[in-house]
J.: 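Quick one: the structure is below, and I'll ask about it shortly.
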Amino acid sequence: MKSFAFVFPGQGSQAVGMLDAWGDHPAVRETLAEASEALGEDVAKLIREGPKEALALTTNTQPVMLVAAIAAWRAWLSEGGAKPAVLAGHSLGEYSALVASGVLSLSQAAPLVRFRAQAMQQAVPVGAGAMAAILGMDAAKVIAGCGEAGATFAAGSGEVVEAVNFNDPMQTVIAGSKAAVEKACEMLKASGAKRALPLPVSAPFHSSLMKPAADALRAKLADIEFAAPQIPVVNNIDVAAPTDPARIRDALVRQAAGPVRWVETVQALQARGVAAVIECGPGKVLAGMAKRIAPDLAAGAIFDPASLADVKQQLA
């Protein structure tokens, strides 16, 4: 079998009914029951029925994406799938990777990601922050453009715009205060970006404006027991795979208000000798990014029984 990595998606891939194709798969059913108990609500009903607006609330999106990813992971293992050589997750997906690695239990992680979502939502008033995807421009130019846009505002104005998600070589997400993000979009398009797409999000995730959320998370994480990883997890913030629980905690804190270095993360997975990157959970966004970052890597996705069977065959 080829050496492979599993990667777990973050916000944006959620959809009403995203677990329906699994039917009554025991691993999926048990995962939903465990998460429902940990959160004190019927997670299966929320995923099955929505509505879409409820799933799109950050405080719901983060736990349901974690649950859907772990459901796919457990289904993979229950169907005889081999353990990957290494794990990673995009933003929120890093928590799924830590559950898969045994660092956290699902019962610990589900309330934790809901707390993270609440802290992020409270850090910046709704409507005060923004995010946008900059397409068709390399990251260095996006970083420079954010600096130029920020410099158009008076010192001490509180207007901030930063590059926060390095998704693939020609797609970088920016975040910050609404006016500064709008100014950066205008300037980046004028200097050659193909598109600047505002994202339908409720907070400027991974920007320095999330520092209050990171501080709240630091206090919360201090009370949660972490185990050593059973499978290495390459994190977003340092592109490193720490094994010491204190360092894993610290990386999660800094990740809330720091950039998602996904291009480097995929390159780090490849440097560990994997031949394939498999996305585990709803959607195929990360599988597509992996191919754009490292075209010689094989990529696949597990989101239902048919795709699970396909990946098994692909890796054989």
Side-chain angles (χ1 to χ4, degrees), residues 10-12 56-62 90-92 94 112-167 171-193 195-222 235-238 249-263:
Q11 288 185 226
L57 292 170
T58 296
T59 50
N60 287 332
T61 308
Q62 296 203 21
H90 189 284
S91 182
L92 161 72
E94 195 166 296
L112 175 58
V113 298
R114 173 154 281 171
F115 176 88
R116 176 182 185 264
Q118 288 165 340
M120 286 177 146
Q121 193 59 76
Q122 289 162 6
V124 177
V126 174
M131 298 182 78
I134 309 301
L135 308 180
M137 177 175 272
D138 74 63
K141 286 184 180 172
V142 175
I143 293 168
C146 285
E148 288 163 17
T152 66
F153 295 94
S157 67
E159 298 292 345
V160 171
V161 59
E162 298 156 352
V164 297
N165 288 9
F166 298 94
N167 284 338
Q171 185 199 117
T172 303
V173 173
I174 63 172
S177 54
K178 194 167 187 293
V181 169
E182 287 171 353
K183 184 69 176 174
C185 285
E186 182 190 310
M187 291 175 71
L188 288 164
K189 277 198 287 190
S191 64
R195 299 180 79 185
L197 298 175
L199 299 179
V201 294
S202 53
F205 301 122
H206 298 291
S207 73
S208 57
L209 297 178
M210 289 287 110
K211 189 170 184 311
D215 292 341
L217 201 53
R218 187 183 301 280
K220 182 76 170 176
L221 286 167
N235 65 31
N236 295 174
I237 192 75
D238 301 318
R249 268 196 200 90
D250 179 59
L252 288 177
V253 169
R254 289 181 292 114
Q255 186 229 49
V260 176
R261 296 164 60 187
W262 195 247
V263 171

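Computed over heavy atoms, backbone and side chain alike; hydrogens, waters and symmetry mates excluded.
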J.: Might you work through the side-chain contact (heavy atoms from CB on, under 4.5 Å) test for E182 and E186, ending with a clear yes or no?
T.: CA-CA 6 Å; E182 287 171 353; E186 182 190 310; over 6 Å; no
J.: Run M131 and S207 through side-chain contact (heavy atoms from CB on, under 4.5 Å) and show every step you take.
T.: CA-CA 9 Å; M131 298 182 78; S207 73; over 6 Å; no
J.: Among residues at least two apart in sequence or on other chains, which ones pass salt bridge (Lys or Arg N to Asp or Glu O under 4.0 Å) with D138?
T.: none
J.: Tell me whether E162 contacts the main-chain N or O of S208 through its side chain, where contact means a donor paired with an acceptor under 3.5 Å.
T.: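 Yes: the side chain of E162 pairs with the backbone of S208.
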J.: Which value, rounded to the nearest 0.5 Å, describes the distance between I174 atom CD1 and I143 atom CD1?
T.: 11.5 Å
J.: Any chance you could lay out the side-chain contact (heavy atoms from CB on, under 4.5 Å) test for R254 and D238, step after step, and finish with the verdict?
T.: CA-CA 9 Å; R254 289 181 292 114; D238 301 318; 2.7 Å; yes
J.: Look at the side chain of Q62 and the backbone N and O of R116, then say whether any donor-acceptor pair between them is shorter than 3.5 Å.
T.: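 Side chain of Q62 to backbone of R116, a donor-acceptor pair under 3.5 Å: no, none is there.
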J.: Of all the heavy-atom pairs spanning A117 and T59, show the shortest one and how long it is.
T.: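 Where A117 meets T59 most closely, the heavy atoms are CB-CA, 3.6 Å.
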J.: Do V181 and P204 come close enough that some side-chain heavy atom pair is under 4.5 Å?
T.: no
J.: Do we see a donor-acceptor contact under 3.5 Å between the side chains of S177 and E159?
T.: yes
J.: To the nearest 0.5 Å, what is the distance between OG1 (T61) and CG (L92)?
T.: 9.0 Å
J.: Quick one, F153 and V161 - any side-chain contact, counting heavy atoms below 4.5 Å?
T.: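 F153 vs V161: side chains apart.
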J.: Which heavy-atom pair separates I134 from C185 by the least distance, and what is that distance?
T.: CD1-SG, 4.3 Å
J.: So, for A163 and V142, which heavy atoms are closest and what is the spacing to 0.1 Å?
T.: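 The answer is CB-CG1, 4.5 Å.
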J.: Using side-chain contact (heavy atoms from CB on, under 4.5 Å), reason through L221 and L112 one step at a time and then give a plain yes or no.
T.: CA-CA 8 Å; L221 286 167; L112 175 58; 3.7 Å; yes
J.: Would you say the side-chain atoms of H206 pair up with the backbone N or O of G258, donor to acceptor, closer than 3.5 Å?
T.: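 Looks like yes, one N/O pair under 3.5 Å.
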J.: Looking only at atom types and distance, does a side-chain atom of R218 sit under 3.5 Å from a main-chain N or O of V253, one as donor and one as acceptor?
T.: no
J.: Can you find a heavy atom in the side chain of Q255 that is under 4.5 Å from one in the side chain of N235?
T.: no
J.: If we count only N and O atoms by modelled type, under 3.5 Å, do the side chains of S91 and Q11 hold a donor and an acceptor together?
T.: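 No, Q11 and S91 have no side-chain donor paired with an acceptor closer than 3.5 Å.
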J.: Looking only at atom types and distance, does a side-chain atom of R261 sit under 3.5 Å from a main-chain N or O of I237, one as donor and one as acceptor?
T.: yes
J.: Side-chain contact, heavy-atom cut-off 4.5 Å: S202 with Q121?
T.: yes
J.: Identify the two heavy atoms, one from L209 and one from G176, that lie closest to each other, and give their separation to 0.1 Å.
T.: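 Of all heavy-atom pairs spanning L209 and G176, the closest is CD1-C, 3.6 Å.
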J.: If you take all heavy atoms of W262 and N167, which pair is closest and at what distance?
T.: CD1-O, 3.7 Å
J.: Looking only at heavy atoms, what is the nearest atom pair of M120 and A256, with distance?
T.: CE-O, 3.8 Å
J.: Working to the nearest 0.5 angstrom, can you tell me the gap between L197 CG and Q171 CD?
T.: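 Separation between the atoms: 8.5 Å.
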J.: In the structure I gave you, are the side-chain heavy atoms of T152 and E148 within less than 4.5 Å of one another anywhere?
T.: no
